[in-house]
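One structure is given below, encoded as structure tokens.
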Amino acid sequence: MLIALVVVVVLLGGLALGLGYNGLVRRRNQVQETWRQIEVELTRRHDLVPNLVEAVRGDASSEREPLDAVLRARDNAATPGASVAEQAEHEGQLSQALGRLLAVAGACPGLTANENFLSLQNELVSTEDRIAAGRRSYNAHVRDLNTRVESVPTNIVAGAFGFERADYFEAENGHVAAPIKPSEPGKPIS
């Protein structure tokens, strides 16, 4: 009878260990998958920036600093190998530089009527929306993983198998992308 009880306890313990481990793996994979989706949108954003700068360059040629600042921030944000926290910081800097560039563009009436510029601006707005949605999904998965890593009994499994907390994707100001609104022809960008 005692042997049967020990066998049942060992089997239940093994089952709990396996379920805890598999749950942590599933959550870690969800975090990684949603981060890859964000990276796709960030790459799209980074690819749009030089085109946007070129569109602005002709009409705002006297304003070189905002153009150069956006390109520097874009190059910094597009550098591979950054941690999630570093990437959020770089993207925040790019958002600020884009905001300054769009303010300059808003002062150029010919530019706000330019179809190419408006198309690029709308693509950027759409990309920013997808980044925001991806960030919400990513952060939800990070919260789930971190809760498991810190909660009993899965924290024991997490410690034994090297699962760690993941970083949230957030900028200093609480969002990565500055609110970018498409302009209407003849109206300044706000």
Side-chain angles (χ1 to χ4, degrees), residues 11-53 69-99 101-102 119-182:
L11 287 175
L12 289 175
L15 179 64
L17 177 71
L19 290 174
Y21 179 82
N22 290 341
L24 287 166
V25 167
R26 182 174 50 256
R27 281 163 182 80
R28 182 185 61 198
N29 289 343
Q30 288 171 332
V31 166
Q32 291 171 347
E33 178 187 347
T34 53
W35 180 248
R36 284 188 209 98
Q37 291 169 352
I38 290 172
E39 284 180 324
V40 166
E41 294 305 327
L42 291 175
T43 299
R44 178 178 170 76
R45 179 185 197 212
H46 300 157
D47 291 346
L48 286 171
V49 167
N51 297 331
L52 190 64
V53 167
V70 166
L71 291 175
R72 281 192 308 271
R74 181 255 184 214
D75 290 344
N76 196 24
T79 303
S83 70
V84 172
E86 291 168 335
Q87 189 69 46
E89 182 179 336
H90 297 319
E91 293 301 327
Q93 292 167 354
L94 178 56
S95 292
Q96 290 174 354
L98 278 170
L101 176 68
L102 292 175
S119 174
L120 288 168
Q121 188 182 15
N122 286 331
E123 283 186 53
L124 185 60
V125 169
S126 175
T127 300
E128 300 289 350
D129 289 344
R130 288 192 299 272
I131 292 170
R135 187 179 65 250
R136 285 189 299 272
S137 177
Y138 172 81
N139 286 341
H141 290 302
V142 166
R143 183 193 63 235
D144 291 345
L145 173 64
N146 290 349
T147 299
R148 290 285 179 137
V149 167
E150 296 173 349
S151 299
V152 175
T154 53
N155 65 338
I156 297 166
V157 176
F161 290 100
F163 287 91
E164 296 179 357
R165 291 178 44 86
D167 290 331
Y168 288 98
F169 184 47
E170 52 194 9
E172 254 178 52
N173 59 2
H175 56 81
V176 171
I180 297 174
K181 300 174 188 169

Backbone N or O of [Y] within a donor-acceptor pair of the [X] side chain at under 3.5 Å?
X	Y	value
Thr34	Val31	yes
Thr127	Arg45	no
Ser137	Ala133	no

Heavy-atom closest pair, residues Glu86 and Gly81:
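Nearest heavy atoms, Glu86 then Gly81: OE1-O, 4.5 Å.
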Glu91 to Phe169 - nearest heavy-atom pair and separation:
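Where Glu91 meets Phe169 most closely, the heavy atoms are CG-CZ, 4.4 Å.
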I need the [X] [atom1] to [Y] [atom2] distance, nearest 0.5 Å.
X	Y	atom1	atom2	result
His46	Leu94	NE2	CG	5.5 Å
Arg72	Gln93	CZ	CD	11.0 Å
Leu124	Ser119	CG	OG	11.0 Å
Asn76	Leu71	CG	CG	12.5 Å
Asp144	Leu24	CG	CG	11.5 Å
Asp47	Leu52	CG	CG	13.0 Å

Evaluate the ring planes of Trp35 and Tyr138, with Trp represented by its six-membered ring, and classify them as parallel (under 30°), tilted (30 to 60°) or perpendicular (over 60°).
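Tilted.
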Within the structure provided, determine whether Tyr21 and Val25 are in side-chain contact (heavy-atom separation under 4.5 Å).
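When only atoms from C-beta onward are counted, Val25 and Tyr21 do touch, with a gap below 4.5 Å.
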